[in-house]
Amino acid sequence: QVQLVESGGRLVQAGGSLRLSCAASGRTFSSYTMGWFRQAPGKEREFVGTISWSGGTKYYTDSMKGRFTISRDNAKNTVWLQMNSLKPEDTAVYYCAARQSYSGTYYYTVAEYAYWGQGTQVTVSS
C-alpha cells in the first residue's frame, strides 16, 4: 500500500510554469506506475500523463505533450509534474495516482489506479 501527498499548486499567470510534487510513503515506491490526472469544476477527472516504475516510459495526453513533463526519483519516493506555458484551461485540481506494476503498459483511466492523493489546486489566470 502507498499513501500519496501532492503539493505545489497555486495561482499562476497564463504563460507561466509550475512544478507539482507527489510524495509517496512506503518502501516499494519503485514498484508503482505513477499517473497524474486533473479535474476541473463540473468536469470528469481526466488523464494528464503517466510514468513507468523505472521512469523509462512516459505517456501524455496529446493536448499536454510538449508542455507537461513527468519525472520521478525512486530514491526520494517522489514524482513531479512540470507544467510550462500554462493556460487558463489548465485550471483544475491535480491528482497523482499509483498502480503497482513493473510493466510499461499505458494506464490512462481512473479505474486503473488503486491509490490517490488528495489533490492540489492549480489556478491559471488570464
Side-chain angles (χ1 to χ4, degrees):
Q1 194 169 3
V2 64
Q3 293 183 326
L4 306 173
V5 179
E6 302 96 333
S7 61
R10 61 176 176 87
L11 174 65
V12 63
Q13 288 191 330
S17 297
L18 205 56
R19 188 174 82 156
L20 305 182
S21 300
C22 174
S25 66
R27 295 175 292 177
T28 59
F29 177 70
S30 61
S31 68
Y32 288 87
T33 289
M34 300 300 295
W36 283 97
F37 290 75
R38 70 184 186 182
Q39 189 167 18
K43 296 188 176 181
E44 292 187 352
R45 195 166 298 188
E46 68 169 334
F47 174 73
V48 172
T50 184
I51 185 168
S52 64
W53 66 275
S54 66
T57 304
K58 305 176 188 180
Y59 296 101
Y60 302 93
T61 293
D62 284 346
S63 63
M64 298 166 205
K65 284 180 183 176
R67 295 195 303 127
F68 290 8
T69 303
I70 298 174
S71 60
R72 68 188 294 165
D73 185 335
N74 288 340
K76 295 182 178 179
N77 280 17
T78 303
V79 62
W80 295 277
L81 176 65
Q82 176 67 43
M83 304 185 293
N84 299 326
S85 302
L86 284 163
K87 307 173 183 179
E89 50 265 42
D90 293 319
T91 294
V93 177
Y94 284 72
Y95 298 89
C96 68
R99 174 194 173 102
Q100 196 155 26
S101 173
Y102 280 115
S103 76
T105 302
Y106 175 27
Y107 300 109
Y108 62 95
T109 69
V110 171
E112 291 177 307
Y113 289 85
Y115 305 102
W116 292 82
Q118 83 290 345
T120 186
Q121 176 70 49
V122 172
T123 303
V124 184
S125 63
S126 57

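Any value given below was found using the heavy atoms of this structure, including those in side chains, with hydrogens, waters and symmetry copies removed. In this text the structure is predicted, and so the values were computed from the model without any measurement.
- Residues passing the side chain to side chain contact (heavy atoms under 4.5 Å, CB included) test with S126, sequence neighbours excluded: P88.
- Y32 OH to N74 CG: the interatomic distance, rounded to the nearest 0.5 Å, is 12.5 Å.
- In this structure Y106 satisfies the side chain to side chain contact (heavy atoms under 4.5 Å, CB included) test together with F47, T50, Y59, Y108, sequence neighbours excluded.
- Identified under the salt bridge (charged side-chain N to carboxylate O under 4.0 Å, His left out) test for residues 78-106, with sequence neighbours left out: R38-D90, R67-D90.
- Every pair passing salt bridge (charged side-chain N to carboxylate O under 4.0 Å, His left out) that includes a residue from residues 51-64 is listed here, sequence neighbours excluded: D62-K65.
- Hydrophobic cluster membership is shared by L81 and V12, with clusters built from Ile, Leu, Val, Met, Phe, Trp and Tyr side chains linked at under 4.5 angstrom.
- Distance check: T61 OG1 to F37 CZ gives 8.5 Å after rounding to the nearest 0.5 Å.
- Between atom CD1 of residue I70 and atom CE of residue M34 there is a gap of 9.5 Å, rounded to the nearest 0.5 Å.
- Partners of D73 by side-chain hydrogen bond (donor to acceptor under 3.5 Å, both in side chains), not counting sequence neighbours: none found.
- Under the 4.5 Å side-chain contact rule for hydrophobic residues, L20 and I51 share a cluster.
- No side-chain heavy atom of T28 sits under 4.5 Å from any side-chain heavy atom of V2.
- The side chain to side chain contact (heavy atoms under 4.5 Å, CB included) check on T105 picks up S103, Y107, with sequence neighbours excluded.
- The side chain to side chain contact (heavy atoms under 4.5 Å, CB included) test applied to A114 returns no partner, not counting sequence neighbours.
- Evaluation of the disulfide bond (SG atoms under 2.5 Å apart) test over residues 37-81, restricted to residues two or more places apart or in two chains, returns none.
- Cluster partners of L11 are absent, since no Ile, Leu, Val, Met, Phe, Trp or Tyr has side-chain heavy atoms less than 4.5 Å from it.
- Side-chain contact check for V122 versus M83: some heavy-atom pair is nearer than 4.5 Å.
- Residues passing the side-chain hydrogen bond (donor to acceptor under 3.5 Å, both in side chains) test with T123 are Q121, sequence neighbours excluded.
- Here the shortest heavy-atom pairing between N84 and S17 reads OD1-OG, 3.0 Å.
- Of all heavy-atom pairs between V48 and F68, the closest is CG1-CD2, 3.6 Å.
- In this structure, R72 is positioned above the aromatic face of F29, its NZ or CZ under 6.0 Å from the six-membered ring centre and within 45° of the axis.
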Can you give each donor-acceptor pair under 3.5 Å made by side-chain atoms of residues 3-10, sequence neighbours left out, with the distance rounded to 0.1 Å?
unit_1, atom_1, unit_2, atom_2, d
E6, OE1, Q118, N, 3.0
E6, OE1, G119, N, 2.9
E6, OE2, C96, N, 2.8
E6, OE2, G119, N, 3.3

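- The ring pair (Phe, Tyr, Trp, His ring centres under 6.0 Å) analysis of residues 78-104, with sequence neighbours excluded, yields the pairs W53-Y102.
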